[in-house]
Student: 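Let me give you the structure first, and then I'll get to my questions.
We count ligands from 1, going down the list as the structure has it; atoms in each ligand are counted the same way. Since the model is a prediction, treat every value here as computed from it, not as a measurement.
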Amino acid sequence: MNAVRPLVAVYPGSFDPITRGHEDIARRCLRIADEVIVAVAHTATQKKSALFDVHERVSMIDTVFADEPRIRCASFEGLLVDYCRDAGAHLVIRGLRAVSDFEYEFQMAQMNQELWSELETVFLTPDVNYSFLSASLVREVARLGGDVSAFVSPSVLNKLDVAFGNRG
Ligand code: PNS
């Protein structure tokens, strides 16, 4: 009898911090993969100034998915394709919110395919309630004292409050 290997998907990103939209995509991944690795990149293609360091982001993601044993979090340095190859994952998941995401996502997917032809990128759309949501907007709204409680998990909200001194 052949042992069937679990289908592992990598969901990479900056996740600074993880939003409800990211959460939604990661949970949707479980409909097509047996296991999902939420992979926090040390090197992002689009340069952004980080709010949380990679270790903090991984710890927040671990807390958010504490209820789901099929989702785990890791960080990686270097190329995504190398990380996927080492992890035995031939599937990358990315969220696609709007047409504006398309060019950047399409370029990355094709470059990754050039770098490792055994890697497939699958795009998932988030729940319509999260189609406007991005980590950079969450950071900006939280920095300016706005209410982001609908956009992130309570544990992430706590970290944002601490980071921006928004409490008490
Ligand atoms: O959430 P982001 O910042 O849009 O995620 C982009 C990410 C981290 C997936 C991308 O920058 C990436 O894969 N970085 C790892 C380095 C790499 O492989 N670069 C070449 C991408 S074609």
Student: Do NZ/NE/NH1/NH2 and the carboxylate oxygens of Asp24 and Arg20 come within less than 4.0 Å?
Tutor: no

Student: Kindly say whether Ser155 contributes a backbone atom to a donor-acceptor pair with the side chain of Ser153 at under 3.5 angstrom?
Tutor: no

Student: Ile37 and Ala87: which non-hydrogen atoms are nearest, and at how many Å?
Tutor: CD1-CB, 4.1 Å

Student: Between Asp127 and Arg27 (salt bridge meaning N to carboxylate O under 4.0 Å), is one present in this structure?
Tutor: no

Student: Counting N and O atoms only, with roles assigned by atom type, does the side chain of Glu56 sit under 3.5 Å from a partner on the main chain of Asp53, one being a donor and the other an acceptor?
Tutor: yes

Student: Starting from the N and O atoms of ligand 1, collect every protein N/O partner closer than 3.5 Å and put each pair on its own line with the distance to 0.1 Å.
Tutor:
from: ligand 1; atom 1: 1 (O); to: Ser14; atom 2: N; distance (Å): 3.0
from: ligand 1; atom 1: 3 (O); to: Ser14; atom 2: OG; distance (Å): 2.5
from: ligand 1; atom 1: 3 (O); to: Lys48; atom 2: NZ; distance (Å): 2.7
from: ligand 1; atom 1: 4 (O); to: Arg94; atom 2: NH2; distance (Å): 3.0
from: ligand 1; atom 1: 4 (O); to: Tyr104; atom 2: OH; distance (Å): 2.8
from: ligand 1; atom 1: 5 (O); to: Arg94; atom 2: NH1; distance (Å): 3.2
from: ligand 1; atom 1: 11 (O); to: Thr45; atom 2: N; distance (Å): 2.7
from: ligand 1; atom 1: 11 (O); to: Thr45; atom 2: OG1; distance (Å): 2.6
from: ligand 1; atom 1: 14 (N); to: Thr43; atom 2: O; distance (Å): 2.9
from: ligand 1; atom 1: 18 (O); to: Leu80; atom 2: N; distance (Å): 2.8

Student: Examine Phe132 together with Phe151 and report whether their ring centres are nearer than 6.0 Å.
Tutor: yes

